Amino acid sequence: MRLVLLGPPGSGKGTQATRLKDFLKVPHISTGDLLRGEVAAGTELGKQAKAVMDAGNLVSDEILLGMLESRLAQADVANGFILDGYPRNLAQADALGQLLQRIGQPMDAAVQLEVPTELLVERIAGRAKAEGRADDNPESVRKRLQVYEDSTAPVINFYKQQGRLTVVDGVGELDEVTDRLIKALAPAKA
Ligand code: B4P
């Protein structure tokens, strides 16, 4: 199964991907986690990305595509993957389509987790308290939500127009949302 998980910051993409990977038996690839890994390791890429991420902006398409290409070249993605956090704009959606075609791994499903904005802000505020992530401060969160509206929402429409989008309600207990996702993915998994 090659799944692209879409949704605004705080919609539960990372949270649910962690759960779904056991069900689908494929790795969870989070571009946010890959970037945070680079920052933590103090690499040149991480140094470039940190300020951009902390401000709630998107890291350059070129860096992201390079990072994703090398991750998708690893052996564990042979049976598929859950992609979380990519694509985040139309250029990335286009690059992803070309990359998957080149490596012979076409996308099976694109799923959008839908959550109202007030709840997104509440969840991220909760994570800020619990984990202290550098980009979970109110100013950066406002920016991330704006970037989502401006750049990522068109990606949702792009997949919708292609008839490839499934929308799943992301409100509720973690198990409830996971169950909804599993039901929504059943046809693509079969
Ligand atoms: P990400 O790491 O993707 O961060 P995110 O959008 O906030 O989502 P995340 O997956 O972490 O959170 P989740 O919704 O699961 O990106 C961070 C930054 O990296 C970006 O701003 C950008 O700078 C950069 N970046 C990443 N990808 C990029 C790309 N492709 N191009 C350019 N730049 C890129 O969860 C949030 C919180 O909600 C958690 O605390 C969780 O516990 C809680 N939660 C989840 N589900 C819940 C539920 N059902 N009920 C209650 N709480 C819930």
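We use all heavy atoms of the structure for the numbers below, so side chains are in, but hydrogens, waters and symmetry mates are not. Counting convention: from 1, in listed order, for ligands and their atoms alike. These numbers were taken from a predicted model, which means no experiment stands behind them.
Annotation for ligand 1: atoms under 4.0 Å from non-hydrogen atoms of Thr31 are 26 (C), 27 (N), 28 (C), 30 (N). Every atom of ligand 1 with a heavy atom of Leu35 under 4.0 Å away is listed here by number and element: 19 (O), 24 (C), 25 (N), 26 (C), 34 (C). In the vicinity of Gln92, heavy-atom distances shorter than 4.0 Å reach the ligand 1 atoms 29 (C), 30 (N), 31 (N), 32 (C). Heavy-atom proximity to Gly14, at under 4.0 Å, picks out these atoms of ligand 1: 10 (O), 15 (O). Taking every non-hydrogen atom of Gly12 and a distance limit under 4.0 Å, the qualifying atoms of ligand 1 come out as 13 (P), 14 (O), 15 (O), 45 (C), 46 (N). Taking every non-hydrogen atom of Asn57 and a distance limit under 4.0 Å, the qualifying atoms of ligand 1 come out as 22 (C), 23 (O). With ligand atoms numbered from 1 in the order given, ligand 1 contributes 17 (C), 18 (C) to contacts under 4.0 Å with heavy atoms of Asp135. Close contacts between ligand 1 and Leu174 involve ligand atoms 46 (N), 47 (C), 48 (C), 49 (N) [criterion: under 4.0 Å to a heavy atom].
For Ile124, the heavy-atom gap to ligand 1 stays at 4.0 angstrom or more. Using a 4.0 Å heavy-atom cutoff, Arg133 is listed among the residues neighbouring ligand 1. Residue contacts with ligand 1 do not include Gly126, since none of its heavy atoms lies under 4.0 Å from the ligand. Not a single heavy atom of Glu131 lies less than 4.0 angstrom from ligand 1.
Of all heavy-atom pairs spanning Met1 and Val26, the tightest one is O-CG1, 3.9 Å. When every heavy atom of Gly14 is checked against every heavy atom of Asp84, the shortest pair comes out as CA-OD2, 3.2 Å. Smallest separation of non-hydrogen atoms from Val155 and Arg88: CG2-C, 4.1 Å. Nearest heavy atoms, Ser30 versus Arg36: OG-NH2, 4.3 Å. Between Ala109 and Leu185, the shortest heavy-atom distance links the atoms CB-CD2, 4.0 Å.
When hydrogens are left out, the protein atom nearest atom 8 (O) of ligand 1 is Lys13 NZ, 3.5 Å; that is the closest non-hydrogen contact. Scanning all protein heavy atoms for the shortest distance to atom 45 (C) of ligand 1 gives Thr15 OG1, 3.4 Å. In this structure, the protein non-hydrogen atom closest to atom 12 (O) of ligand 1 is Arg127 NH1, 3.0 Å. Residue, atom and distance of the protein heavy atom nearest to atom 33 (N) of ligand 1 are Val59 N, 3.1 Å. Closest protein heavy atom to atom 49 (N) of ligand 1: Gly172 O, 2.9 Å.
Contact of the Leu145 side chain with the Pro9 side chain is registered, since non-hydrogen atoms from C-beta on lie closer than 4.5 Å.
Nearest-heavy-atom check against atom 29 (C) of ligand 1 across Val177, Val147, Leu120, Leu64 picks out Leu64. By heavy-atom distance, the residue among Arg144, Arg88, Lys143 lying nearest atom 6 (O) of ligand 1 is Arg88. Comparing Arg123, Arg36, Gln16, Met53 against atom 51 (C) of ligand 1, the shortest heavy-atom distance belongs to Arg123.
Within a 6.0 Å radius of CD in Gln162, more than 12 heavy atoms belonging to other residues, nucleotides or ligands are found. Crowding of Glu139 atom CD: a count of heavy atoms from other residues, nucleotides or ligands under 6.0 Å not exceeding 12.
No salt bridge links Asp135 with Lys50; every basic N to acidic carboxylate O contact stays at or beyond 4.0 Å. Under the 4.0 Å criterion applied to side-chain N and carboxylate O atoms, Asp175 and Arg19 are assigned as salt-bridge partners. Using a cutoff of 4.0 Å between basic side-chain nitrogens and carboxylate oxygens, Lys143 and Asp150 are not scored as salt-bridged.
Where the criterion is an N or O separation shorter than 3.5 Å, residue side chain and backbone included, Ser11 meets it with respect to ligand 1.
Val177 and Leu165 sit in two unconnected hydrophobic clusters of ILVMFWY residues. Membership requires side-chain heavy atoms under 4.5 Å apart, directly or through other members.
Under the 3.5 Å distance criterion, with hydrogens and angles disregarded, a donor-acceptor pair is assigned to the side chains of Thr178 and Gln16.
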